[in-house]
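Heads up: the structure comes next, in structure tokens.
Values below: every heavy atom of this structure, side chains too, minus hydrogens, waters and symmetry copies.
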Amino acid sequence: MIQRNSIKRLKLLATKFRVVAVVGPRQSGKTTICKTAFPKKPYVSLENPDIAKFATDDPRSFLMQFKNGAIIDEAQRVPELFSYLQQIVDDKNKAGMFILSGSNNFLMQQNITQSLAGRVAYLHLLPLSLIELQQAKLLKADYTQHIFKGSYPEIISKKIAPTDWYPNYINTYVERDVRQLKNISNLGLFMKLIRLCAGRVGQILNVHSLANDCGIDNKTVNSWLHILQSSYIIYLLKPYYNNYNKRILQSPKLYFYDTGLACSLLGITSADMLDNHAYKGHLFENFIILNQLKNRFNNGLQDDLYYWRDKTGNEIDLLIDSPKKPTAVEIKSGATINNDYFKSLLYLDNISKNKINMQVCYTGNSNQTRSNNIEIKPWKLFI
């Protein structure tokens, strides 16, 4: 079993909050990490029809079984439980009583917001980070292998072909999660939107364009994008808010939480196809940015990742905010360093009055610092 770095964070949260909710994509390892962190806690899954019926028919008696709390998996399947959980954790006022997890994050968070607000801490568990793969001695020399395969634990631990796993993953997501949402009646159009999003990976989000191509209105697109975000399919990288330049763009950039899923939706059937693929650069950006997000979540940090772009075309792929000094990162899929990599960094450094750290992440092997204080890192050192 691959050790998850966020397990320390999960145990810490359980010493401070009455309820901890472990959220993240389907198959990201939520059940495994809960059982590993709390081996003595009773475990129950509401995916079992008999157990779910008991919990639905008599939620009070169901919860009374667990005097000292429990791990409740697929908790969103019985919404009635959340109000009873609120009463129990308020009466006992004991940290770490219940650990909740579930595959339908949209419904899970909806129920938590309604009944357990202020009593629950969240642990965001994403697929495996590059550091976790490195620690397990599974980090490959070829970054395209990681982009193509993605980082879901099951693919890596069981060595399942991505071309077999991802189509089934997306079908399961649509059939089991999306069908439960009343505001999605046309699953075919919803699936079309997902594929259209894959075709826009690494691009600035244009809701109107997506609506036109999908044949639905802007309001519906926004609603469905929210569901895709909540269920950890797509990730929207926010534009940087600081006033380095008033002429900045306000729309987010669209990425996927897992590059393997994006590759599958784009029809990429091997890592070799990435070498000359039109989306290679965008997918490499996606790969690097999401790994930074995994590291932040694993260490209990907030999502302080942004991009920066002004209306004249100057752009920084990734800006990591910090109270001391933000770090601007240009992400390049090329293996040879050239001066074009530095233009936007130097421009932003100038207008920010030298208040940023500057880095380049690329696919080559040289690690160096230039005289203009730009640090150049190979992707393997940017993990």
- Task: Give a yes or no on whether the backbone of I216 and the side-chain of T220 come within a donor-acceptor separation of less than 3.5 Å.
- Result: no
- Item | For H282, ring-ring contact (aromatic ring centres under 6.0 Å, His included) partners two or more places apart | none
- Message: Give me the atom names and distance for the closest heavy-atom approach of W379 to K140.
- Response: CH2-O, 3.4 Å
- Are T144 and D142 close enough that a side-chain donor and a side-chain acceptor fall under 3.5 Å? yes
- Check the pair L100 / V20 against side chain to side chain contact (heavy atoms under 4.5 Å, CB included), numbers first and verdict last. CA-CA 6 Å; L100 308 180; V20 180; over 6 Å; no
- Query: Can you tell me how far the CG atom of L125 sits from the CG atom of N298, to the nearest 0.5 Å?
  - Reply: 7.0 Å
- Message: Please check if the number of heavy atoms outside N276 that lie under 6.0 Å from its CG is greater than 12.
- Response: no
- Item | Check against side-chain hydrogen bond (donor to acceptor under 3.5 Å, both in side chains), D272 and S270 | CA-CA 5 Å; D272 292 340; S270 71; 4.9 Å; no
- Query: What is the minimum heavy-atom distance between F62 and I51, and which atoms define it?
  - Reply: CE1-CG2, 3.7 Å
- Task: In plain terms, say whether E315 and K253 are close enough for a salt bridge, that is, a side-chain N and a carboxylate O under 4.0 Å apart.
- Result: yes
- Task: Step by step, work out the side chain to side chain contact (heavy atoms under 4.5 Å, CB included) result for L283 and I268.
- Result: CA-CA 11 Å; L283 288 167; I268 297 171; 3.9 Å; yes
- Query: Roughly how far apart are S264 OG and N168 CG, rounded to 0.5 Å?
  - Reply: 9.5 Å
- Message: Determine whether E285 and Y255 satisfy the following criterion, side-chain hydrogen bond (donor to acceptor under 3.5 Å, both in side chains), listing intermediate values before the conclusion.
- Response: CA-CA 9 Å; E285 276 182 36; Y255 295 100; 2.7 Å; yes
- Query: Are K238 and D303 close enough, and set up right, to give a salt bridge (charged side-chain N to carboxylate O under 4.0 Å, His left out), and what steps lead you there?
  - Reply: CA-CA 10 Å; K238 304 175 292 294; D303 177 6; 3.5 Å; yes
- Task: Please work out which of the three classes, parallel, tilted or perpendicular, describes the rings of W308 and Y347, given edges at 30° and 60°.
- Result: tilted
- Does K332 use its side chain to pair, donor to acceptor, with the backbone of G281 at less than 3.5 Å? no
- Message: As an exercise, state the distance from NZ of K377 to CD1 of I383, rounded to the nearest 0.5 Å.
- Response: 10.0 Å
- Without swapping roles, check the side chain of S83 against the backbone of E80 for a donor-acceptor pair under 3.5 Å. no
- Task: Using a strict cut-off of less than 4.0 Å between a Lys/Arg side-chain nitrogen and an Asp/Glu carboxylate oxygen, indicate whether R200 and D213 qualify as a salt bridge.
- Result: yes
- Item | The single option from E132, K294, H146 passing side-chain hydrogen bond (donor to acceptor under 3.5 Å, both in side chains) against S151 | K294
- Query: Which atom pair, heavy atoms only, marks the closest approach of S115 to Q86?
  - Reply: O-OE1, 2.8 Å
- Please list, chain by chain and in numerical order, all residues satisfying side-chain hydrogen bond (donor to acceptor under 3.5 Å, both in side chains) with K53, sequence neighbours excluded. D57
- Message: Working note: Y235 + F256, criterion ring pair (Phe, Tyr, Trp, His ring centres under 6.0 Å); need CA distance, chi angles, decisive distance, verdict.
- Response: CA-CA 5 Å; Y235 171 70; F256 275 68; over 10 Å; no
- Query: Would the number of heavy atoms belonging to other residues, nucleotides or ligands and lying under 6.0 Å from NZ of K67 be above 12?
  - Reply: no
- Item | CA sep, side-chain torsions, deciding dist, call: D258, Y166, side-chain hydrogen bond (donor to acceptor under 3.5 Å, both in side chains) | CA-CA 10 Å; D258 187 78; Y166 282 106; 2.6 Å; yes
- F190 vs Y173 aromatic rings, parallel, tilted or perpendicular, using cut-offs 30° and 60°? tilted
- Query: For T32, does its backbone N or O pair with a side-chain atom of T36 as donor and acceptor, under 3.5 Å?
  - Reply: yes
- Using the ring of each side chain (for Trp, its six-membered ring), is Y152 parallel, tilted or perpendicular to W165, with breaks at 30° and 60°? tilted
- Taking the side chain as every heavy atom from C-beta outward, state whether L346 and I374 have any pair of such atoms under 4.5 Å apart. yes
- Message: What's the separation between atom CG in L128 and atom CD in Q3, rounded to the nearest 0.5 Å?
- Response: 11.0 Å
- Show your reasoning for whether side chain to side chain contact (heavy atoms under 4.5 Å, CB included) applies to R296 and Q302. CA-CA 7 Å; R296 296 189 75 78; Q302 296 298 311; 5.6 Å; no
- Item | Minimum heavy-atom distance A271-Q145, with the two atoms named | CB-NE2, 3.7 Å
- Message: Does atom CD (Q65) have a neighbourhood of more than 12 heavy atoms from anything else shown, all under 6.0 Å?
- Response: yes
- Answer yes or no: is there a donor N or O on one side and an acceptor on the other, between the side chain of T363 and the main chain of G334, under 3.5 Å? yes
- Item | N/O donor-acceptor pair under 3.5 Å between Y341 side chain and I376 backbone | no
- Task: Return yes when atom NZ of K149 has more than 12 non-hydrogen atoms of other residues, nucleotides or ligands closer than 6.0 Å, and no otherwise.
- Result: no
- Query: Can you find a heavy atom in the side chain of Y307 that is under 4.5 Å from one in the side chain of P239?
  - Reply: yes
- Task: Write down the atom of V174, the atom of M191, and the distance for their closest heavy-atom approach.
- Result: CG2-SD, 4.0 Å
- Message: Are the side chains of L228 and L193 in contact, using a 4.5 Å heavy-atom criterion?
- Response: yes
- Query: With a 4.5 Å limit on heavy-atom distance, are the side chains of I337 and R370 in contact?
  - Reply: yes
- Query: If every non-hydrogen atom of I316 is compared with every non-hydrogen atom of E330, which pair is closest and at what distance?
  - Reply: CA-OE1, 3.6 Å
- Task: With the side chain counted from C-beta on, respond yes when D90 and R18 share a heavy-atom pair under 4.5 Å apart, and no when they do not.
- Result: yes
- Message: Is it the case that the side chain of S28 and the backbone of G24 share a donor-acceptor pair, with hydrogens and angles ignored and the cut-off at 3.5 Å?
- Response: no
- Any chance the side chains of D73 and Y43 put a donor and an acceptor closer than 3.5 Å? yes
- Item | Student check: side-chain heavy atoms of E74 and Q76 closer than 4.5 Å | yes
- Query: Are L81 and I71 linked, directly or through other ILVMFWY residues, by side chains that come within less than 4.5 angstrom of each other?
  - Reply: no
- With a 4.5 Å heavy-atom cut-off, do K94 and N68 have their side chains touching? yes
- Just checking, is any N or O donor in the side chain of S45 or N48 under 3.5 Å from an acceptor N or O on the other one? no
- Could you verify whether a donor N or O on one side chain and an acceptor N or O on the other, from Y240 and D321, lie under 3.5 Å apart? yes
- Query: Roughly how far, to the nearest 0.5 Å, is the NE2 atom of H226 from the CD1 atom of I234?
  - Reply: 11.0 Å
- Message: Test side chain to side chain contact (heavy atoms under 4.5 Å, CB included) on N339 and K343; report intermediate values, then the result.
- Response: CA-CA 7 Å; N339 289 333; K343 287 181 179 178; 5.9 Å; no
- Are a donor atom and an acceptor atom from the side chains of N5 and S129 found within less than 3.5 Å of each other? no
- Query: So, N206 versus S209: side-chain donor-acceptor pair below 3.5 Å or not?
  - Reply: no
- How would you list, by chain and number, every residue that makes a ring-ring contact (aromatic ring centres under 6.0 Å, His included) with F98, sequence neighbours excluded? none
